[in-house]
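Just below is one structure, and these are the notes that go with it.
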Amino acid sequence: MKKSHRKDVIIARIIFAAICAVLIAIIVLVAVMLHNRNEGKKEQENSQMTESMNLPPETQNPLLPPVTENPETEEETVFVWTRTGVNMREEPNTEGALITVLEPASKLELLGEEEGWVKVQYNGTEGYVCSDYITGDDPGEAE
């Protein structure tokens, strides 16, 4: 092989290695940017949840009846109903493990409310349901 041809092959390999290094750097940069963007969204959601915890009672969901944390007698038990099919979760957030999917018009015992979620009991199981899908109106009374 001629000496000039060897130089051309070496130069081509160096250029190829440089292009590969640039592409890897771009991929790493994009991955870091996406990770930081997702972290920013999580922080924003957490700050919104923290702010919502300090809301006065009059800003709570007007469709729900007033909440008593632990009803002591059968007369104080408050029931709510699902407006649509909705997930019942172990924790008051969308990351909480799914317990069951409730049918529309499911009757739930209301145990409490926190951060846009209601703590309920359904067939002896406690869990959380997003308050947007709950109503204090019994669908059976509308008939």
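What you see below is based on every heavy atom in this structure, not just the backbone, and it leaves out hydrogens, waters and symmetry mates.
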Summary of salt bridge (charged side-chain N to carboxylate O under 4.0 Å, His left out) pairs that have at least one residue in residues 10-27, sequence neighbours excluded: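 Those involving residues 10-27 do not exist here.
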Heavy-atom side-chain proximity of [X] to [Y] below 4.5 angstrom:
X    : Y    : result
V118 : L110 : yes
P92  : E114 : yes
W117 : E91  : no
V120 : E109 : no

Test log, rule side chain to side chain contact (heavy atoms under 4.5 Å, CB included), inputs T82 and I134: CA-CA 5 Å; T82 57; I134 301 297; 4.0 Å; yes
Contacts of T100 that satisfy side-chain contact (heavy atoms from CB on, under 4.5 Å) - sequence neighbours left out: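 T100 satisfies side-chain contact (heavy atoms from CB on, under 4.5 Å) with M88, L102 only.
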Single-linkage hydrophobic cluster L23~I15, side-chain heavy atoms < 4.5 angstrom: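 L23 clusters together with I15.
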Connected via hydrophobic side-chain network under 4.5 Å: I19 and I11: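 Yes, same cluster.
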Contact summary for P104 and G85, nearest pair of heavy atoms: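 It is CG-N, 3.5 Å.
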Short side-chain to backbone donor-acceptor contact, R89 and G96, under 3.5 Å: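 Checking the backbone N and O of G96 against the side chain of R89, a donor-acceptor pair under 3.5 Å is found.
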Any chance you could measure [X], atom [atom1], to [Y], atom [atom2], to the nearest 0.5 Å?
X    : Y    : atom1 : atom2 : result
L108 : T135 : CG    : OG1   : 11.0 Å
Y122 : I99  : OH    : CD1   : 12.5 Å
F79  : K107 : CZ    : NZ    : 4.5 Å
E90  : L98  : CD    : CG    : 9.0 Å

For E126, salt bridge (charged side-chain N to carboxylate O under 4.0 Å, His left out) partners two or more places apart: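 With neighbours one apart ignored, the set is K119.
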Intermediate values then yes/no, side chain to side chain contact (heavy atoms under 4.5 Å, CB included), D138 and W81: CA-CA 6 Å; D138 181 355; W81 291 263; 3.5 Å; yes
